[in-house]
Amino acid sequence: MDQAKNNNKIFDSMELFKQSKIPKEFIWPQTEQPNSLEQLEAPVIDLTGFFKGDKASTQRAADLIRTACQNHGFFQVTNHGVDVSLAAEALSCMNDFFKLPLSHKLRAQRKPGSMWGYAGAHADRFSSRLPWKETLSFGYQEEDDDTKHIVTDYFISTLGVEFKQMGLVYQKYCEAMQKLSLGIMELLAISLGVEQSYYKDFFRDSKSIMRCNYYPPCQEPDLTLGTGPHCDPTSLTILQQDQVGGLQVFAEDKWQCIPPVRDALVINIGDTFMALSNGRYKSCLHRAVVNRECERRSLAFFLCPREDRVIRPPADIEGPRKYPDFTWSELREFTQRHYRADMKTLQSFSQWLLSTAS
Ligand SMILES: C=C1C[C@]23C[C@H]1CC[C@H]2[C@]1(C)CCC[C@@](C)(C(=O)O)[C@H]1[C@@H]3C(=O)O
Ligand SMILES: O=C(O)CCC(=O)C(=O)O
Ligand SMILES: [Fe+2]
């Protein structure tokens, strides 16, 4: 188990790529290497009818979601209501940050214990199996006071007023992600036979996480991974990937590629929603591979409930409880201080929680 700790190693992606070999810290066990070119047959669900309130198409969407989430926790959506030009701008303006000199990026460096900020290969947290990526993460929450914009304020306060426009783009993007994720929560409730607003209400006053992933080209792509095998510990992930490709999902006992679908958004179930469904839906096991030719970018919006709300499945979902009561705050701290999120996070967390409780 890779304990989270504070390392002081810093990698400059501009310099890394000039070396003929990748540093040993980035090499992953051969068992984790890319080995599949098969494409996952997962539904691409058109949300037009759902947003119009059409009952038949809503039911069809819920049925497709149920099958996908029972099997691998992954599906895609189109006509999702997120403005196409906003989505494109959010993806393209990542470069305005990641192309900065390292010294500028380090102004936003993640502080120990925080999820917000810049991280280069997580070299500040881990000392082996480093992911070949840089990330910029920040928080989003709906505000009662519409003069407050937590995302825009973060960019201005962390990077300076010259990043106000970038902050505005991500503020609007996060608002669109939040709205879509609550719509998906309604469809998940319908698919589980739970009262339609149950999960949507559960995520009111949520504090979610937005993450920009930048994967530089890699001179030895088969020896490393952009993001290692994992299930997102969060509740629901809305991922926008560019047209490069690299996302893989573990389904039918093998890693399968997810070719980019233009104007579609990837949706995957996380550990917290798996617990909210009492294990009826699977937290999606996925990873990202890199390539020699070009950089890859993705935007991951991680929906999280209010951090002190108890994670417990609704009474309508029968059967013995699969997971103990917990809060998102407890699970997040587990992944930030004690345990590197992987494919067994929720199981390890549950055992840790029960052992520390006794
Ligand atoms: C709660 C979180 C921890 C991570 C970011 C969010 C949801 C996904 C998690 C992560 C991406 C899973 C793989 C390992 C990880 C360390 C990473 O590669 O970034 C995880 C994130 C994190 O702990 O920062
Ligand atoms: O970049 C991708 O395709 C996946 C990223 C991911 O899984 C994550 O950030 O949790
Ligand atoms: Fe993920």
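Not measured: the values here are computed from a predicted model. Throughout, residue positions are numbered sequentially from 1 according to the sequence presented. Indexing begins at 1, ligand by ligand and atom by atom, following the structure's order.
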Sidechain N-carboxylate O distance under 4.0 Å for Lys172, Glu175:
no
A student comparing Arg332, Arg125, His286 should find that the heavy atom closest to atom 24 (O) of ligand 1 comes from Arg125
Are any of the N/O atoms in His122 less than 3.5 Å from those in ligand 1?
yes
Asp232, portion touching ligand 2 at heavy-atom distance under 4.0 Å
side chain
Any idea which atoms of ligand 2 are less than 4.0 Å away from a heavy-atom of Phe302?
8 (C), 9 (O), 10 (O)
Closest protein heavy atom to atom 2 (C) of ligand 1, given as residue, atom name and distance to 0.1 Å
Met115 CE, 3.6 Å
Any nitrogen or oxygen of Gln336, side chain or backbone, less than 3.5 Å from one on ligand 1?
yes
Tell me which protein heavy atom sits closest to atom 13 (C) of ligand 1, plus the residue, atom name and distance to 0.1 Å.
His230 CG, 3.4 Å
Can you classify the ring geometry of His338 versus Phe334 as parallel (below 30°), tilted (30 to 60°) or perpendicular (above 60°)?
tilted
Could you tell me if Ser206 and Gln178 have a donor-acceptor pair between their side chains, going purely by distance under 3.5 Å?
yes
Contact region, His230 to ligand 2, non-hydrogen atoms below 4.0 Å, reads side chain
For Thr237, which part has a heavy atom under 4.0 Å from ligand 2: side chain, backbone, both, or neither?
neither
Please identify which atoms of ligand 2 are closer than 4.0 Å to at least one heavy atom of His286.
7 (O)
Which word best sums up how the rings of Tyr170 and Phe155 line up, parallel for under 30°, tilted for 30 to 60°, or perpendicular for over 60°?
parallel
Is the closest N or O pair between Trp328 and ligand 1 shorter than 3.5 Å?
no
Can you tell me if Ser85 and Asp83 form a side-chain donor-acceptor pair at under 3.5 Å?
yes
Ligand 2 atoms in contact with Tyr215 (distance to a heavy atom under 4.0 Å)
1 (O), 2 (C), 4 (C), 5 (C)
Three-point angle His286:NE2, the Fe ion (ligand 3), Asp232:OD1, rounded to the nearest 10°
100°
For atom 3 (O) of ligand 2, which protein heavy atom lies nearest, and how many Å away is it?
Arg296 NH2, 2.7 Å
So, does Lys133 sit close enough to ligand 2 that a heavy atom of it is under 4.0 Å from the ligand?
no
So is Pro233 close enough to ligand 1, meaning a heavy atom under 4.0 angstrom away?
yes
In this structure, OG of Ser181 is separated from CD1 of Ile184 (nearest 0.5 Å) by 8.0 Å
Side chain proximity check, Cys231 to Leu346, heavy atoms < 4.5 angstrom
no
When you check the gap from the basic side-chain N to the acidic O, do Arg280 and Glu318 get nearer than 4.0 Å?
no
Do the rings of Phe349 and Phe326 sit parallel, tilted or perpendicular, given the 30° and 60° boundaries?
perpendicular
Give me the ring orientation class for Tyr154 and Trp116: parallel if the planes are under 30° apart, tilted from 30 to 60°, perpendicular past 60°.
perpendicular
N, O or S from His230 under 2.8 Å to the Fe ion (ligand 3)
yes
pair Thr227-Arg287: side-chain heavy atoms closer than 4.5 Å:
no
What residue and atom, counting heavy atoms only, is the protein's closest point to atom 4 (C) of ligand 1, and at what distance?
Arg211 NH1, 4.3 Å
Considering only protein heavy atoms, which is closest to atom 8 (C) of ligand 1, and at what distance to one decimal place?
Asp232 OD1, 3.6 Å
Can you list the ligand 2 atoms lying under 4.0 Å from a non-hydrogen atom of Ser298?
1 (O), 2 (C)
Can you find a side-chain donor-acceptor pair between Ser283 and Asp271 that sits under 3.5 Å?
yes
Can you check whether Thr234 has an N/O within less than 3.5 Å of an N/O in ligand 1?
no
Report the part of Lys133 in contact with ligand 1, treating N, CA, C, O as backbone and CB onward as side chain, heavy atoms under 4.0 Å; options are side chain, backbone, both, neither.
side chain
With heavy-atom distances below 4.0 Å as the criterion, list the atoms of ligand 1 near Ala341.
12 (C), 13 (C), 14 (C)
What I'd like to find out is whether the side chain of Ile22 reaches to under 4.5 Å of the side chain of Gln219, using heavy atoms alone.
yes
Assess, by modelled atom type and distance only, whether the side chains of Ser197 and Glu195 contain a donor and an acceptor separated by less than 3.5 Å.
yes
Aromatic contact, Tyr118 with Phe97 (centres under 6.0 Å)
yes
Within less than 4.0 angstrom of ligand 1, does Tyr339 place any heavy atom?
no
Nearest protein heavy atom with distance in Å, relative to atom 9 (O) of ligand 2:
Asn213 ND2, 3.1 Å
So, regarding Thr227 and ligand 2 (criterion: nitrogen or oxygen to nitrogen or oxygen, under 3.5 Å), is there a contact or not?
no
